[in-house]
Amino acid sequence: MKIHEYQGKAILSKYGVAVPRGRMVESREEALDAARALFQDGATGVVVKAQIHAGGRGKGGGVKLAKSPEEAGELATKILGMQLITHQTGPEGKKVQRLLIEETLPIARELYLGIVLDRVVGRNAFMASAAGGMEIEEVAAKDPNAIIKEHIVPGFGLRRLSGTRDRVPAWARGALHQWRGQVHDGTGTRR
C-alpha cells in the first residue's frame with residue numbers, strides 16, 4: 001500500500017500520536033490559506049512539502065521552508081506541477097499534484113521508525129534507527145548495525161527484540177513497546 005505523508009499523519013493522529021499541524025493542498029490559493037491559518041495560530045514558519053510516492057523529496061527540491069504565507073504561496077507555485085526527480089523516481093520523475101503545508105517545529109532529535117516489507121523473508125518488519133532523518137538508505141549502507149529490524153509474524157505480531165539489551169537502545173525498546181500496545185484490528189479490539 002502506498003500512502004502520502006499527509007495520509008500517514010492523519011492515521012497517526014487518529015490514534016493519538018502527536019503530529020505537526022498541517023493541511024494537504026492542491027493549489028497556490030489553498031497553500032496561502034493553509035499557511036495563513038498556521039501563522040495565525042502561532043506558527044513561526046511552515047514547510048511546503050511535495051506529496052509523491054518516493055523518498056528523497058528534499059534533495060530533489062520538493063521540500064522548502066517558508067517564513068511567511070506569501071513565501072509559502074510562491075514556493076507552492078514553483079513545486080506544484082514540477083516533475084520531481086529523486087533517487088527513487090528514476091530519471092522520468094513524478095509530477096507533483098499535492099503539497100503538505102505544515103508548521104515548523106524545533107527538532108530536538110530525529111528518529112526513524114517504520115514498517116516495511118522485507119522481500120527476502122516475505123514479511124513486514126518494524127525498523128528503527130537513532131540516525132533518523134531523510135537518509136535512512138545511506139545509514140543502512142554505511143552502518144547496518146545502526147538499524148534495528150524486527151519481523152512481524154502473521155497471526156502473532158512482533159516477536160521479542162532479537163538484539164541484546166546493549167544493541168537496542170531504550171528509545172527503541174520504548175517505541176516498540178508503545179507500538180505493540182497500539183495495534184488494533186480496526187474494530188477497536190486490541191491484538
Side-chain angles (χ1 to χ4, degrees), residues 1-24 45-60 62-63 65 86-89 98-186 188-191:
M1 170 174 53
K2 292 184 177 185
I3 61 174
H4 292 291
E5 178 183 3
Y6 75 91
Q7 294 167 315
K9 287 182 174 178
I11 293 167
L12 291 170
S13 179
K14 179 179 173 183
Y15 288 98
V17 177
V19 297
R21 294 173 298 161
R23 191 169 94 204
M24 185 278 292
V46 297
V47 187
V48 179
K49 297 179 169 187
Q51 299 295 286
I52 63 168
H53 292 133
R57 294 171 296 152
K59 277 191 171 182
V63 178
L65 295 173
T86 77
H87 67 283
Q88 291 185 355
T89 63
R98 294 178 187 88
L99 301 171
L100 174 59
I101 308 298
E102 186 172 79
E103 69 181 325
T104 58
L105 295 172
I107 299 171
R109 178 169 143 188
E110 286 188 89
L111 305 173
Y112 173 86
L113 299 172
I115 299 174
V116 298
L117 175 62
D118 183 338
R119 287 181 171 86
V120 174
V121 297
R123 288 188 180 151
N124 286 325
F126 175 89
M127 292 179 57
S129 176
M134 299 177 287
E135 304 300 331
I136 198 66
E137 293 90 355
E138 287 181 25
V139 172
K142 290 179 184 171
D143 185 9
N145 289 327
I147 298 177
I148 298 158
K149 183 161 108 176
E150 182 64 30
H151 287 98
I152 301 169
V153 180
F156 293 97
L158 288 163
R159 301 180 320 229
R160 295 180 153 225
L161 284 171
S162 56
T164 65
R165 189 167 184 85
D166 291 337
R167 177 166 144 30
V168 182
W171 69 264
R173 288 193 308 273
L176 183 57
H177 177 73
Q178 273 190 311
W179 186 82
R180 280 183 177 150
Q182 294 299 318
V183 177
H184 298 272
D185 64 4
T189 306
R190 224 172 243 202
R191 297 189 290 173

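One is the number of the first residue; the rest follow in order along the sequence. The model shown is predicted, which means the values in this text are computed figures rather than measured ones.
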- What's the spacing between N124 CG and H151 NE2 if we round to 0.5 Å?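 Rounded to the nearest 0.5 Å, the CG-NE2 separation comes to 9.0 Å.
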- Task: Quick one: pull up CD1 in I3 and CD in Q51 and give me the separation to the nearest 0.5 Å.
- Result: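 With rounding to 0.5 Å, CD1 (I3) is 10.5 Å from CD (Q51).
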Would you name the heavy atoms of [X] and [Y] that are closest together and state the gap between them?
X: P144; Y: A141; answer: CD-O, 4.4 Å
X: T89; Y: A54; answer: CG2-CB, 3.6 Å
X: L117; Y: G122; answer: CD1-C, 4.2 Å
X: A146; Y: V139; answer: CB-CG1, 3.9 Å
X: Y112; Y: G114; answer: CE2-N, 4.1 Å
X: S13; Y: V19; answer: CB-CG2, 4.0 Å

- Task: Please list, chain by chain and in numerical order, all residues satisfying ring pair (Phe, Tyr, Trp, His ring centres under 6.0 Å) with H53, sequence neighbours excluded.
- Result: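 Here the qualifying residues are H4.
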- Listed by chain and number, what are the side-chain hydrogen bond (donor to acceptor under 3.5 Å, both in side chains) partners of Q7, not counting sequence neighbours?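 Applying side-chain hydrogen bond (donor to acceptor under 3.5 Å, both in side chains) to Q7 gives none.
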- Query: Considering residues at least two apart in sequence or located in another chain, which fulfil the side chain to side chain contact (heavy atoms under 4.5 Å, CB included) criterion with T104?
  - Reply: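 Listed in chain order: T44, V47, L65.
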Pairwise side-chain contact, [X] with [Y], heavy-atom cut-off 4.5 Å (strictly under):
X: I101; Y: V48; answer: yes
X: I148; Y: F126; answer: no
X: V153; Y: R123; answer: yes

- Item | Short side-chain to backbone donor-acceptor contact, E103 and R21, under 3.5 Å |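 Between the backbone of R21 and the side chain of E103 there is a qualifying donor-acceptor contact (under 3.5 Å).
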- Item | Any residue meeting salt bridge (Lys or Arg N to Asp or Glu O under 4.0 Å) with E5, in chain and number order, not counting sequence neighbours |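 Salt bridge (Lys or Arg N to Asp or Glu O under 4.0 Å) list for E5, sorted by chain: K9, K49, R57.
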- With D118 via salt bridge (Lys or Arg N to Asp or Glu O under 4.0 Å) - residues at least two apart: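 Listed in chain order: K149.
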- Please step through side chain to side chain contact (heavy atoms under 4.5 Å, CB included) for the pair Y6 and L99, ending with a clear verdict. CA-CA 9 Å; Y6 75 91; L99 301 171; over 6 Å; no
